[in-house]
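Take a look at the structure set out below.
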Amino acid sequence: MTLVAGVDIGNSTTEACVTDVGEDGKVTYLSGALGRTSGVKGTTENVSGVVEIVRLALARAGRDPAELQTVLVNEATPVISGLAMETITETIITESTMIGHNPDTPGGVGLGVGTTVAFPELPGCAAGSAVICVVGPGVDFEDAAAGINGATARGVRVAGVVVHADDATLIANRLGEPVPVVDEVTLVDRVPLGMQAAVEVAEQGRTIRTLSNPYGIATVFELDPEQTRMIAPVARALVGNRSAVVVRTPAGDITDRRIPAGTLTLIGEKSKRSVEMDAGAEEIMETLQRVRPLADATGEPGTHVGGMLARVRDTMSELTAMPVDTVRIQDVLAVDTFVPQRITGGLAGEFALENAVALAAMVRTSRGPMELLAARLRTALDAEVLIGGVEADMALLGALTTPGTDRPVTILDLGGGSTDAAVSTEGAEVHSVHLAGAGDLVTNLIDSELGLKNLELAEEIKRFPLAKAESFFHVRMEDGTVRFFDRPLPADAFARVVVLTDAGMHPIPTRHGVERIREVRRSAKRRVFVVNALRALEQVVPGGNIRRTGFVVVLGGSALDFEIPDMIAEAVAEFGIVSGTGNVRGSEGPRNAVATGLVVNYASARAAGAATGG
Amino acid sequence: MTLVAGVDIGNSTTEACVTDVGEDGKVTYLSGALGRTSGVKGTTENVSGVVEIVRLALARAGRDPAELQTVLVNEATPVISGLAMETITETIITESTMIGHNPDTPGGVGLGVGTTVAFPELPGCAAGSAVICVVGPGVDFEDAAAGINGATARGVRVAGVVVHADDATLIANRLGEPVPVVDEVTLVDRVPLGMQAAVEVAEQGRTIRTLSNPYGIATVFELDPEQTRMIAPVARALVGNRSAVVVRTPAGDITDRRIPAGTLTLIGEKSKRSVEMDAGAEEIMETLQRVRPLADATGEPGTHVGGMLARVRDTMSELTAMPVDTVRIQDVLAVDTFVPQRITGGLAGEFALENAVALAAMVRTSRGPMELLAARLRTALDAEVLIGGVEADMALLGALTTPGTDRPVTILDLGGGSTDAAVSTEGAEVHSVHLAGAGDLVTNLIDSELGLKNLELAEEIKRFPLAKAESFFHVRMEDGTVRFFDRPLPADAFARVVVLTDAGMHPIPTRHGVERIREVRRSAKRRVFVVNALRALEQVVPGGNIRRTGFVVVLGGSALDFEIPDMIAEAVAEFGIVSGTGNVRGSEGPRNAVATGLVVNYASARAAGAATGG
Amino acid sequence: MHHAPVDDRRSDRAGRDRPAVTVLHRPDPGTRRLLREITAGMEEEGVPYRVEEAADGGDGARELALAAAQASTLDVGIGVDAAGYICVHHAKLPPDAPAAAGPPSSARTMGHNAARLVVGIPFKQQEGPSHA
Amino acid sequence: MHHAPVDDRRSDRAGRDRPAVTVLHRPDPGTRRLLREITAGMEEEGVPYRVEEAADGGDGARELALAAAQASTLDVGIGVDAAGYICVHHAKLPPDAPAAAGPPSSARTMGHNAARLVVGIPFKQQEGPSHA
Ligand SMILES: Nc1ncnc2c1ncn2[C@@H]1O[C@H](COP(=O)(O)OP(=O)(O)O)[C@@H](O)[C@H]1O
Ligand SMILES: Nc1ncnc2c1ncn2[C@@H]1O[C@H](COP(=O)(O)OP(=O)(O)O)[C@@H](O)[C@H]1O
Ligand SMILES: [Mg+2]
Ligand SMILES: [Mg+2]
């Protein structure tokens, strides 16, 4: 019997298993362990992490480190991913044409049209004139209401109100004749005066109907067809709001400008194609499909995409100590996303969800200083260290220890930086791919789409279910069920959406509801993993025909997710193949495949040796 | 001055306007009115409705019916729609392989594996054996728990429990060692005994991980690859459940059978193509596009689609008194839908969302007995009755009274049974289409997808926002805002999702949450109106190039909807055209276009007459 | 930061400020079986409860239920009168409009529905003849 | 069947059973202005309220707030002590852990947040120097 450890140094995670291997090749698995990879995969930085994890596994097996005879390490070719994101649309309001934010508490209901007049000027307005009263900062709501009521009494038709403070309901409640009031207009001083304007507030739970319709605005301002054509983008920008103000200014406009993000050039082994970044993810991915396999990708210098790729290359070169100009991008994954962004020229801090494209790029570096790493490990662990076979082969061997699997088998390894796949046909020929984009991209999308600016929280949102604290003693889970607690919940959780992590309840400091956050989370997972799973299977299976895949075994850290495996199951359901999350050695779940495969490989070589030798 | 009424007899709604028309063609609009069309459009049944609505409009204008000189009626060619829906998938469980319902309150957490044994047989189980205890009806929860604890004390490993009553938490709470308990299994007597079985319950807010994974089931039952392949559909059926039971029976299986729904043959004016109904809506609509314009459609006799089309033809023939064999289907709209349906062979009333296809068909009948209708109206109203121009022309003339519009103009008339479109180029040439599917189809989809069996309620859900009664004094609206009431809400509304109609708050008697109902509602609107709007524009605009459409004016009853206009605005946004809801005469919104157009047409003819005559 | 879910079986013994549905019943030995069914309904739904004996007096189920609801930190109370008639009330409802009421045979269902009043899900329907 | 929304300005005069946040304050003439700001915050949020004068005694804002919360049909109360210090409490919170508290200058924000406690949306942050 030989005490053998299999060690898999991954980009994020180092995994080990400790086994007894008999002369006949019989393997007895004793224990496993995992931890964060120290440093860049395949470099001597990994030593400390490996030592720690192997020691942990030995301790769990109850074995003395001195007994350890052989350590098997995977051939760790670093696959490194970079990530960049660029906004490709921008909304700009010129000349204060509109106010399109959505205050929580506007006042009144309906539509009012008139000439904008500052509150202090109200007494000067002629009887019979129709006005929109603009109330600046510092005016008390009772004074505002009194002033407006006074003007109304004199015959001035105050048709609507625009206010700086959060006073809309207060003012509306005090008016003799209620009119629509839009409040929290931070830059109310910049509302152009003496102009025709319309104020609309919809009933609670509804959205505006007139100012979100170009013909509604045309009716209100008596616009001709040409003017209507000009104002149409304003109407479009207001669709879905509960309240709005439109001011008719001579050259006012709102534009939904596409930012020239630049051209991405995809250089295939046989051909080369360019695609505009602002065409969106689908077109980029279609272009990639046409030039595949990818040899490199470049971005037009001086443009956004140029900058994106330069950043990716810099990171790669830094991490791997390769010269920048030898870094080759071997896969990209483009994902459509959006970024909540303040509208330029807005008067009330209006936000728009601007379109953006996220680009994950993958670089496969040359094999690192493995021999040196092995030598260091030998010293540190005082054991024989063998560099095992090709990583994909080992992963397949490990995956096949999952009960119910057989060749032909296909693995899908859902990691942090890359989604890898490999297939082993009955002839034992192995074909593998490494695709850009995996768990880290999902975390990044969640972070930016929710505007969190907190990657740790985004990672938690990815991994754990949501709930809303409905009272100080109970939460409603995202599936609608209710959970009670003995003690009052933390004050910062109350009335907030929280994520129920292993380490307790963490409030999510945004205004988004449970449904919204859930949808962002699920859609990010779909956009990355469903897309990549299908891409990977298509590239790796013989003839690209997924139906001929055999058993699909899903592995890797992201296969531990509480919903990604279900999404992949649903996506491949139509192909009628058997697909599920791996259960390495019937016990490890989707973890430990490579470490296990290394031992399986070693043991069968040994058995073969014993057989021929004996 | 002549007192003139314009009357539009629609399929659902009859609309009128009352005007003074001067010798010079100057029109003064006095009033409008609308009501339900009496009988089938274009038949003498319409008389009573028209008379009532014209009288109402006259009364509103403050004019004596005796003054009415001329009534203009549209050339009412009935466009009649039929609707049918067929399920195309069916889920069948054989040999009680699994229990996959989702009880509200399962008990315990985790996975248990053992041989199924009836509760009364528990005392006979050998120490050391692993069992799943099946508790039938009539056993008290304390007795059940005591029996199981007793067996455990004797060394029997009771690994999980399946119960008839809603007692899972009660039993689990009383077990010495908690195990997963699945309850509310109505047909618990049919659970096969003496078989290997696994029971899994996930933590609150999570879903099961082992029994929804084929390799999880393979691990549990030590299946070989071939057996794993067989069990894979069971795993797939359990994806997303919080609890489940899988029993390993010799020939147990679950199938997701496609029902051979039959072949739909689309006969175009030039070519003819067949398509399988179970290929789904997208393929049906693509086939239609290839044979357009449609001359007729037939369904394979003896199949579901044959029956669907026969029903449509029968309805048509009944409504129009045309012989069945002269009814020609001129358009169809296929929509993918789903129907919640009880799974055949389930032990606990399991439901599955089976796929279905809804088919709306449109028949344009020959011009009805218009002359007779006109004669009857003449008598009834004692006024000159003129049959006006082509309906589409009149609608365009009416639409052009919307402020901000100009030729070229395109109308999209979103009605109850059909979506109509017409375009008038600068040369005043008019091209129009009538497409199957509109507001009534949306109502039907909402009704069947939510399993309401109440079309009136479905119509309300279509038209009004949702809320949830959160206490007896306040509701939370679907947009998250809260509304307070003075008096307690009706008891039947409490804790229910309600629809906030004009006539009060109506509870929706289903278990669906606000989000779910909202999503069904919005998706039904999208599947019908966004699809049809794009189809209509594409068919009606010159060269099918929507960018060349000019001004798009949306009309009809469904344009009054609180979200359909926004959806259409978003769908056409990318074409950069001006599109919005019509505002006929700057005041009528999307209503009264044809009635108005009739008067516009009459007045300009009169002015031309006066000019040439004078 | 981590909060353990309430263990329902401990609720009876627990302090006043812990969230719980209050059950107020007349001190009649015949109600024992009923109380077991009522509390079973709540336990199955995972909602904590507390059972208290009403002081002597002539109150009916509705008055008891209202008093129980007002005493409950969850605003929901159940009253059981001497005849075993059961009433479910909510502190925010008008006194004469309780949320639900029924005969002794509906005990389990009443327990479920008091719990569902707290959780905010639709009531359970009473099935055929009862357990009680 | 149709229910009219509550008219906030009538709330003061309304009966006890109508849902309202209760404000309990010391009978100090100096609190008038404060009360106006506090109730304005609630009115803007559309949540009904009721203002009551506390009987004589030495209670601080927190005790007043707790009593107010317990008296409120919405479980939310505001206490204002003689010095104008303001506390927002919830009947289901531990007595010594109020939902929010602040100086006189935070009056409007406290009103908003008492209302938001009822509505269940995140609290409003106190902005720079106050109105009060
Ligand atoms: N329990 C979990 N649920 C969801 N994702 C997880 C979980 N555990 C790890 N991950 C994700 O797995 C990814 C790392 O996968 P891993 O297989 O460890 O990477 P690598 O193969 O590159 O070493 C990270 O994106 C991490 O967020
Ligand atoms: N306020 C409304 N909101 C949504 N849909 C509406 C509204 N009013 C009418 N509808 C819908 O309009 C359709 C009837 O449209 P209409 O234009 O009157 O029909 P037609 O042109 O066939 O006479 C019905 O499906 C009805 O549900
Ligand atoms: Mg406000
Ligand atoms: Mg249960």
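Chain A is the first sequence line, chain B the second, and so forth, proteins listed ahead of strands; every chain is numbered from 1.
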Mind ranking [options] by heavy-atom pairs under 4.5 Å with chain B and telling me who comes out on top?
options: A:Asn213, A:Thr105, A:Asp479; value: A:Asn213
options: A:Ala467, A:Pro225, A:Ser212, A:Gly205; value: A:Pro225
options: A:Arg209, A:Arg236, A:Gln227, A:Glu226; value: A:Arg209
options: A:Thr228, A:Asp224, A:Ile231, A:Leu466; value: A:Thr228
options: A:Pro214, A:Ala202, A:Gly513; value: A:Pro214

Proximal component of [X], with respect to chain A [non-hydrogen, under 4.5 Å]:
X: B:Val554; value: neither
X: B:Val552; value: backbone
X: B:Phe221; value: neither
X: B:Ala218; value: both

Is it the backbone or the side chain of [X] that comes under 4.5 Å from a heavy atom of chain B, or both, or neither?
X: A:Arg229; answer: both
X: A:Glu478; answer: neither
X: A:Thr207; answer: side chain
X: A:Val482; answer: backbone
X: A:Thr402; answer: side chain
X: A:Glu222; answer: neither

Going by atom type alone, with no hydrogens or angles, which donor-acceptor pairs under 3.5 Å involve a side-chain atom of residues 559-568 of chain B and a protein atom two or more places apart or on another chain?
from: B:Asp561; atom 1: OD1; to: B:Lys525; atom 2: NZ; distance (Å): 3.1
from: B:Asp561; atom 1: OD2; to: B:Lys525; atom 2: NZ; distance (Å): 3.0
from: B:Asp561; atom 1: OD2; to: B:Glu563; atom 2: N; distance (Å): 2.8
from: B:Asp561; atom 1: OD2; to: B:Ile564; atom 2: N; distance (Å): 3.0
from: B:Glu563; atom 1: OE1; to: B:Arg521; atom 2: NH2; distance (Å): 3.1
from: B:Glu563; atom 1: OE1; to: B:Arg522; atom 2: NH1; distance (Å): 2.7
from: B:Glu563; atom 1: OE2; to: B:Arg521; atom 2: NE; distance (Å): 2.5
from: B:Glu563; atom 1: OE2; to: B:Arg521; atom 2: NH2; distance (Å): 3.2
from: B:Glu563; atom 1: OE2; to: B:Lys525; atom 2: NZ; distance (Å): 2.8

If you look at every heavy atom in A:Ser424 and A:Leu396, which pair is closest and at what distance?
CB-CD1, 3.5 Å
If I compare all heavy atoms of B:Thr169 with all of B:Pro106, which pair ends up nearest, and what's the gap?
OG1-O, 3.5 Å
Is there a side-chain contact between [X] and [Y] in this structure, where contact means two heavy atoms from C-beta onward sitting under 4.5 Å apart?
X: B:Met477; Y: B:Leu500; answer: yes
X: A:Glu515; Y: B:Val514; answer: no
X: B:Gln196; Y: B:Val113; answer: yes
X: B:Arg248; Y: B:Leu223; answer: yes
X: B:Leu400; Y: B:Arg407; answer: yes

Hydrogens and angles aside, do B:Thr596 and B:Asn592 bring a side-chain donor and acceptor to less than 3.5 Å of each other?
yes
Best-contacting candidate, B:Ala232, B:Pro233, B:Pro465, against chain A by heavy atom pairs under 4.5 angstrom:
B:Pro465
Could you tabulate the donor-acceptor pairs under 3.5 Å formed by side-chain atoms of residues 576-583 of chain B, not counting sequence neighbours?
from: B:Asn583; atom 1: OD1; to: B:Ser587; atom 2: N; distance (Å): 3.2
from: B:Asn583; atom 1: OD1; to: B:Glu588; atom 2: N; distance (Å): 3.4
from: B:Asn583; atom 1: OD1; to: B:Gly589; atom 2: N; distance (Å): 2.9
from: B:Asn583; atom 1: ND2; to: A:Thr219; atom 2: OG1; distance (Å): 2.9
from: B:Asn583; atom 1: ND2; to: B:Gly586; atom 2: O; distance (Å): 3.4

